[in-house]
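Everything on this sheet refers to the single structure shown next.
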Amino acid sequence: MLAIDAAAYRGPWRRLHPAVKGTLFGGLLVCALVLPAWPGAALSALAALAAGFGPARVPPRAFLRAAWAPSLFVLTGAVTLLVSVGGPDGPVAWAPDGARRAAEVSGRAAAALCCQLMFAFTTPLADLLPRLTRLGLPAALVEVVALTYRMLFVLLDTTRRIQAAQAGRLGYRSRAAWIRSLGALGAAVFVRSYDRARRMRRGLECRGYDGTLTVLVEERPVRPAAIVAAVAPPLLVAVAALAAGISPSPG
Amino acid sequence: MTHHTDPAAAPAVLAGRDLVFGYRAGDPVPVFSGVTVEVPAGSVLAVLGPNGGGKTTLLRLLAGSLTPDAGRVVLDGTEVRPTRRGVGELRRRVQLVFQDPDDQLFSASVAQDVSFGPLNQGRPEPEVRERVAWALAALEIADLADRPTHLLSYGQRKRVVLAGALAMRPDVLVLDEPTAGLDPEGVEALLATLGGLRAAGTTLVISTHDVDLAHRWADHAVLLDRRVLAAGPARAVLTDPALLSAARLRPAWGPAVGAALRAAGAVPATAPDPATPGEVIRLTR
Amino acid sequence: MTHHTDPAAAPAVLAGRDLVFGYRAGDPVPVFSGVTVEVPAGSVLAVLGPNGGGKTTLLRLLAGSLTPDAGRVVLDGTEVRPTRRGVGELRRRVQLVFQDPDDQLFSASVAQDVSFGPLNQGRPEPEVRERVAWALAALEIADLADRPTHLLSYGQRKRVVLAGALAMRPDVLVLDEPTAGLDPEGVEALLATLGGLRAAGTTLVISTHDVDLAHRWADHAVLLDRRVLAAGPARAVLTDPALLSAARLRPAWGPAVGAALRAAGAVPATAPDPATPGEVIRLTR
Amino acid sequence: MTIHEVLESWSHNMHIAEGFLPPVHAVAWTVAAAPFVVHGARAVTMAVRTDPDAKLLLGASGAFCFVLSALKIPSVTGSCSHPTGTGLGAVLFRPPVMAALGTVTLLFQALLLAHGGLTTLGANVFSMAVAGPWAGYGGYRLVRALTARLPETTALGLAVFTAATLASLSTYTVTSLQLALAFPDAGSGIPGAFAKFAAVFSLTQIPLAVIEGLITVVIVRLLSTV
């Protein structure tokens, strides 16, 4: 239903412990953010893409579609860095050093985006949420988050069907109709979400619900070898980028 | 694919040709492919098949609620163009009624909900009011007009949704599992109402996995399981056990019992198939 | 009220006596009143009636999901007290499966969801793990164990909910319209699974308005339309057209066809009623 | 692609993307948002402790917030954008709870839709789950106080419209400010950069905020009749 979510469940890395994927892509993300943008960010992006499209077999088309919106944000944001306003050179002028700054910012962000997306594309939220308690979050809060995740799909389904029904009766033909339809949709989905909560309480009571939603989480041990393998790429990227920074650049 | 030719069929008011859908979300296999159906004007077409076979998808494609990945939808002989205008015209003339009435009821009161479509069509207020009254009367729920939708029974909500579609004055009414969730009395009442619409000239497309219902009620039938397994006159398509089994459906009681009773001489050789168990019981009295 | 006595019936594992419910929200008329049912141990009881007749209400009362306004629920001969403890014990031993699986699935993972019930019963972890595996195997969905709930089909979600109920090892399994929304293949697969549970000694209560299903599958039947119209052995209750018509239900094909065929001499006078149209078709070959 | 379409696409997704903020800023905004989120999380935990049913209601509310922010609203040029939903959320659930629900929504948007990032989560939470709801709620209370004599329907409509529009606008203003602080203009510093970012936003965001306000009024009207 949501492309990233569906791919995360289907991918071959589904079985890897989230900590391993977190170490790999999180490490690369940190590299992209703190190392000199060239070649640090470029190497991080390369490593993330190689891991994602290689062994993790992330579907490239879904990846591109997901990357489209944030890339536009990054590009447009970077474009504003090219110009300077209200400075000594007139109301609007090319910013000194603007091109380099824009390239650096967008390069860094693009690399970070690759790392984030590859993590999202390989790690189902259902594997991640139960582990939030490890971060010190109260169990009750984690349960609310997990319920949100489950109900989101039920509600999303309802929303799409209501919207299709409205469109069938020409509810999105004019702007006025669109606003009216969205208002009706928002209200209907709100009522439905409360109805869902009520019905779920009824359904869970029969299964012994007493206020806590305890479930048995299958603990997969983290293999030390896997962690080492996951630490290696970020380390290599860091070493390579720092070495390139120390060695005198040609020319 | 089995195609029974049907010389008596009226020209198709609506057709889907070589429809393909579902190459989405990284799925390598489409929901269905190469689906062609014709909806003869003024008749009832039943679409049958197992769950997941694509019945709802086909209905939504025909009503302009989904856009095919490939193939064409043809309305009155003219291909529907995938523009705002083309799809708008298709949606106006072909009204889809979903299985779950709650997906289509989003206004506070019954009359308000039924007026949603005509208002969006930009009809003047007196005409909208007149259409709402007419649609509520056609479904025999004029007394519910001012009721809040969430206090209605399931059967009543199904009727309100149908009235909402009817108020658009469509040429074709497409109903996804119209009898699902109704009790026998509700089914009979709905069929009586639909019979009235059919007599008034509305073309109907219904999806179902109730072969008895389709056999008793449809003129034409399509068996669908990710592709068209058979299409043609309902009587021919729905009495072929091999075809039905290929579509993972159960044969209908009516024709099976009719054949057995005729063979046993319990009824004359020209007697029609019984439509309900009641008719069989009357025989043995 | 018609009561067919049933001398062969096992003692009731669960019973509702003079149940009244629905004197709420200013409604002067209750949903139903004076309802008495007995659920014989180790058998299948079908509750039939029109929509709005109170089938779901009765099932919820029997499973401790609602508290009656008057009357008693009796478990193994002992009245269930309306205390936390009494109701808790009832809910543990009588598991209710709702019609809509989304009412009972709260976890994103199938195995985690199924583990919820046994954990609430305070079972130690190894036992919970073993029960989850057993319940998933019993419903033939072991391969779905670590699939996300939201990517399952409707039929699969129904099975997961059933597994969740089964993992609590109830004595009685109460199923609200278990076949609703399933296609013929799905219905047969579910009935095969339920047949296995029944053979293993689980008592089943199902609600339906499919008289054919109940006739073919249940040992006992209750006709309910705001009160009990009839109760007794399924074969007796469900072959009486007058009773069925009073409950606003349609007669079943099976017994009607069986009687007609026997009368016509098409089958021996001692032949059983056909359960499916397929059996009738085989006769005329 | 025309300039306008680029601006539109930008406004589709006003969440600050992963890696766009310098690490120091990302950390600073996380620290700034933290007290509000902790306060909200505590409110949620308390509600759940006193009433077990609250857990399911809050889960449903969180799902509602996510779904709401995934809707598409029409914009001026015929393309579309997403509502922030923060004004409606603030009125329905109050700002503290909205801080918690908004954080969950933003986390899910980052991981399920790639809208916004993980390191920029703090900044996005501050603009969308803290600043927006509080501004909207403040506007709502103020208009309610000022219109106490008007008929209830009118007063409620005005207050809700103000809440939704104000919440939407302030969310985007804070985002512009966050970007300006991170990327001061070479010539005119932070004010110049703010003007630059805000000008780019206000072109599309003012009409969108008004439309979100209108939709929210319809929603609340319908809800108050149920």
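The analysis underlying the following values was restricted to heavy atoms, covering all of them including side chains, and did not include hydrogens, waters or symmetry mates. Naming convention: chains lettered A, B, ... in sequence-line order (proteins, then strands); numbering from 1 in each chain.
With a 4.5 Å cut-off on non-hydrogen atoms, C/Asp212 touches chain B through its side chain but not through its backbone.
The backbone N or O of B/Leu182 lies less than 3.5 Å from a partner atom in the side chain of C/His209, making a donor-acceptor pair. The closest donor-acceptor contact from the side chain of B/Asp183 to the backbone of C/Gly52 lies at 3.5 Å or more, if one exists at all. Listed for the B/Asn51 side chain is no donor-acceptor partner under 3.5 Å among the backbone atoms of C/Gly186.
Between B/Val280 and C/Ala256 the shortest heavy-atom distance is CG1-O, 3.5 Å. The heavy-atom pair separating B/Thr276 from C/Trp253 by the smallest distance is C-CH2, 3.6 Å.
Atom-to-atom distance recorded for C/Glu185:CD and B/Arg250:CZ is 13.0 Å, nearest 0.5 angstrom.
Put simply, the residue from B/Pro241, B/Pro255, B/Pro251 that forms a side chain to side chain contact (heavy atoms under 4.5 Å, CB included) with C/Pro277 is B/Pro251.
At a heavy-atom separation below 4.5 angstrom, chain B is approached by C/Leu261, C/Ala263, C/Ala264, C/Ala266 within residues 261-269 of chain C.
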